[in-house]
Amino acid sequence: NKIELLSRLQDFFNADEKQKKKKASEIRDVIRKLRAKERNIQDMLDKCQDDEMKKALQLEVNIINAQIEKGLSVLENL
């Protein structure tokens, strides 16, 4: 009976750890995709001649940077 209870407790704690690892993995994947998107937009920004388009692209790069920073912050707190 005690062994069964300990086994259930162990399973409970292992499940929590597995969920954290899965969430961290998903966040890393999102960050990787965001960085790729950022590079693509930065390349477009470097080649762009239109000032209005440059402003829009720069805003998008800034937003993506903020998302990356937030994702890294969440990863640190896991």
Side-chain angles (χ1 to χ4, degrees):
N1 206 4
K2 289 181 183 180
I3 294 173
E4 185 178 323
L5 181 60
L6 288 174
S7 176
R8 285 185 182 177
L9 272 173
Q10 187 67 33
D11 290 344
F12 175 76
F13 289 121
N14 285 343
D16 186 46
E17 202 55 39
K18 284 180 185 177
Q19 286 178 339
K20 283 184 180 180
K21 286 181 181 180
K22 182 179 178 187
K23 187 173 183 177
S25 175
E26 290 171 354
I27 292 172
R28 280 189 205 97
D29 287 342
V30 170
I31 290 172
R32 196 172 302 120
K33 289 176 184 177
L34 284 170
R35 284 186 172 145
K37 186 175 181 180
E38 178 191 23
R39 281 190 298 272
N40 289 339
I41 295 172
Q42 191 65 48
D43 288 343
M44 290 171 55
L45 181 62
D46 293 340
K47 296 174 185 175
C48 186
Q49 301 296 324
D50 182 30
D51 285 340
E52 288 298 316
M53 187 66 165
K54 277 187 176 185
K55 287 180 185 177
L57 291 172
Q58 186 60 53
L59 179 63
E60 197 166 343
V61 167
N62 293 345
I63 291 170
I64 291 172
N65 280 331
Q67 291 172 331
I68 290 171
E69 291 301 318
K70 186 171 183 176
L72 291 173
S73 174
V74 169
L75 271 180
E76 288 176 7
N77 292 328
L78 278 182

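Each residue takes its place number in the sequence, starting with 1.
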Residues clustered with L75, ILVMFWY side-chain links under 4.5 angstrom: I27, V30, I31, L34, I41, M44, L45, M53, L57, V61, I64, I68, L72, V74, L78
Drop me the distance from K54's NZ to D50's CG, to the nearest 0.5 angstrom. 9.0 Å
Go through the side-chain N and O atoms of N62 and Q58 and say whether any donor and acceptor fall under 3.5 Å apart. yes
Please check: side-chain N/O of N77 versus main-chain N/O of S73, any donor-acceptor pairing under 3.5 Å? yes
Can you tell me how far apart CG (N40) and CD (E60) are? Round to the nearest 0.5 Å. 10.5 Å
Rounded to the nearest 0.5 Å, how far apart are NZ of K37 and CD of Q67? 7.5 Å
Check against side-chain contact (heavy atoms from CB on, under 4.5 Å), K20 and D16: CA-CA 6 Å; K20 283 184 180 180; D16 186 46; 4.0 Å; yes
Rounded to the nearest 0.5 Å, the CD1 atom of I63 sits from the CD atom of E38 at a distance of 12.0 Å
Kindly determine whether R39 and R35 satisfy side-chain contact (heavy atoms from CB on, under 4.5 Å), including the steps that lead there. CA-CA 6 Å; R39 281 190 298 272; R35 284 186 172 145; 4.0 Å; yes
Going through the distances and angles, do L9 and F13 end up as a side-chain contact (heavy atoms from CB on, under 4.5 Å)? CA-CA 6 Å; L9 272 173; F13 289 121; 4.1 Å; yes
Electrostatic pair R8:E4 at N-O distance under 4.0 angstrom: yes
